[in-house]
Amino acid sequence: MTAPLPPAHFAGNPVRIARDLLGGTLVRSLPGHESLMGIIVELEAYDCPRDPACTAGRFHAARSADMAVPPGQWLFWTAHGHPLLQVACREEGVAASVLIRALQPTHGLSHMLNFRPVTRERDLSNGPAKLVYALGLDPARITGQPVNSPELHLLPPAAPLPDEQVQVTARIGIREGRNLPWRFTIRGNPWVSPATPSMDLTVNAEG
DNA sequence: ACTTCGATGCTCT
DNA sequence: GAGCATCGAAGTA
């Protein structure tokens, strides 16, 4: 088993970091219980101030400050009242982050279903807020903790996924910045969120 | 206190 | 794939 990624790993370009994190594992430890684990099958990068989709930089000064924490810290962006799990990137004072958008559960599935009961199992964690609920994460507790915290940490993929397995598209649910290919999903993975991107740069081998 | 908006989720066609 | 419920956060007053 690989070691948890240290905070220093995130002191760089969030686009590159998101790409390389695809296929990694998110581990949520529960005292006295089996850890909840899942493969990260969908990520997005946000990178103020050059990013037109990054509302933190454009007109939410206060939220920008929440996001411009030192790299390698957990943070939550809220949209429509839902918490979205992110890791701060680049350097302190810069609002840049990687957003974890979907998870393929591998361990503790029944426990996750307890946190977030769903009729169809595939709907358990195929969205950024869904996975937060499925893991039973409390933003008040997690925010500001290092990304290699025992409570919640990341394991990198054994090896970076080959390009053929990586689907690159526009990000989901944004107005500006739809031209930027900053969403990464594992091609054909059934746990990817059902949302349809406005742009898909993927070149299919079959044409 | 009130208004607006959205990095969402859910429930229908 | 379209429409709506929803609610936390910012901005304005």
According to the Watson-Crick and G-U wobble definitions, with both distances under 3.5 Å, which nucleotide is paired to dT8(B)? dA5(C)
Please report, rounded to the nearest Å, how far the C1' atom of dG6(B) is from the CG atom of L84(A). 10 Å
Atom pair distance, as rounded to whole Å: CZ in F76(A) and C1' in dA9(C): 17 Å
Could you check how far CG of D123(A) sits from C1' of dC10(B), rounded to whole Å? 10 Å
Taking it one step at a time, do R178(A) and S198(A) satisfy side-chain hydrogen bond (donor to acceptor under 3.5 Å, both in side chains)? CA-CA 7 Å; R178(A) 295 198 204 175; S198(A) 60; 4.8 Å; no
Check the distance between dG9(B)'s C1' and I172(A)'s CD1 and give it to me in whole angstrom. 14 Å
Could you check how far NE2 of H82(A) sits from C1' of dT6(C), rounded to whole Å? 7 Å
Gap between atoms CZ and C1', on R63(A) and dG8(C) respectively (whole Å): 8 Å
Aromatic-base stack, H80(A) on dT8(B), cutoff 5.5 Å, angle under 30: yes
Less than 4.0 angstrom between a side-chain N/O of R116(A) and OP1 or OP2 of dC10(B), yes or no? yes
Atom CG of D66(A) and atom C1' of dA10(C): how far apart are they, to the nearest Å? 12 Å
Kindly work out whether a path of hydrophobic side-chain contacts (I/L/V/M/F/W/Y, heavy atoms less than 4.5 Å apart) joins W77(A) to V132(A). no
Residue whose nearest DNA chain B nucleotide is more 5′ - R175(A) or P128(A): R175(A)
Between atom CG in L99(A) and atom C1' in dT8(B), what is the gap in whole Å? 11 Å
Got L43(A) and R101(A) here, is their nearest side-chain heavy-atom distance under 4.5 Å? no
Do the non-hydrogen side-chain atoms of L180(A) and P52(A) ever get within less than 4.5 Å of each other? yes
